[in-house]
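Here's the structure we're looking at; comments come further down.
None of these values were measured; they are calculated from a predicted model. Every chain is numbered from 1, with letters handed out A, B, ... down the list of sequences.
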Number of protein chains: 2
Amino acid sequence: MEIEEVFGKVLREIRLEKKFSQEELAHICGLDRTYISLMERGKRKPTINTIFALASGLNVLPSSLVLATESIFDLES
Amino acid sequence: MEIEEVFGKVLREIRLEKKFSQEELAHICGLDRTYISLMERGKRKPTINTIFALASGLNVLPSSLVLATESIFDLES
DNA sequence: TCAGTCCACGGACTATAGTCTGCAAAGAAG
DNA sequence: CTTCTTTGCAGACTATAGTCCGTGGACTGA
């Protein structure tokens, strides 16, 4: 599984934990709804600024999103 | 200071610690020499995949690059 | 002086991040 | 059944990530 796919799964999991719809999260982060959908499905590779925006909207640390991603990613190799 | 500027400073600091030239790091990471230069000067916002590539080349965790960035970034706000 | 290394920077380019609009399908609820 | 919410997805678009070419300046050492 590619990095962006793992990140997408992490993103979706945390969003659902926080009970946001994709549209709500998009609005909070200042991003587009369809782009949240693309990221969650691993079709886009967010920039560092987008990662910070997502983390802010989800009220988690940017590094925790990356840490969760690398942890799952490393499990597979 | 913008997120990408802070990231650039972190990147440069770690690269110099590891005694790499920009060209060496670029080669190790599979990136372009001029692009390393652009990032270090805060002119580019790397994607999550690029962050992973840089971390791999520098032999650090991707999340540690982001953690260092957010720590400095938070200091300013 | 001269060669070699390192880096900033420019221009032109290709690939892709990210937006916007709209539609279809699935599920929940009245 | 209808209605509302949520999401996937397609297409067309703009902005920018990332590459590749080159030049010139600062510095070091022979």
(message) I need a per-nucleotide contact map over nucleotides 14-30 of chain D, read 5' to 3'. Cutoff is protein heavy atoms under 4.0 Å; write B for the base, S for backbone only, - otherwise.
(response) ---BBBBBB--------

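- As rounded to whole Å, 12 Å separates atom P of D:dC9 from atom CD of A:Glu40.
- In terms of phosphate contacts, A:Arg15 brings no side-chain nitrogen or oxygen within less than 4.0 Å of OP1 or OP2 of D:dT6.
- At least one side-chain heavy atom of A:Leu65 sits less than 4.5 Å from a side-chain heavy atom of A:Ile14.
- Side chain to side chain, B:Asn49 and B:Thr47 fail the donor-acceptor criterion of an N or O pair below 3.5 Å.
- Side-chain nitrogen and oxygen atoms of A:Gln22 include none within less than 4.0 Å of the OP1 or OP2 phosphate oxygen of D:dT5.
- Of the residues listed (A:Pro62, A:Ser64, A:Ser56, A:Ser63), the one engaging A:Val60 in a side chain to side chain contact (heavy atoms under 4.5 Å, CB included) is A:Ser64, and it is the only one.
- Here B:Glu40 pairs with B:Arg15 in a salt bridge; the nearest charged N to carboxylate O distance falls below 4.0 Å.
- No donor-acceptor contact under 3.5 angstrom links the side chains of A:Ser37 and A:Arg33, judged on distance only.
- Within a 6.0 Å radius of CG in B:Asp74, other residues, nucleotides and ligands contribute more than 12 heavy atoms.
- We find that NE2 of B:His27 is positioned 14 Å from P of C:dC6, with the value rounded to whole Å.
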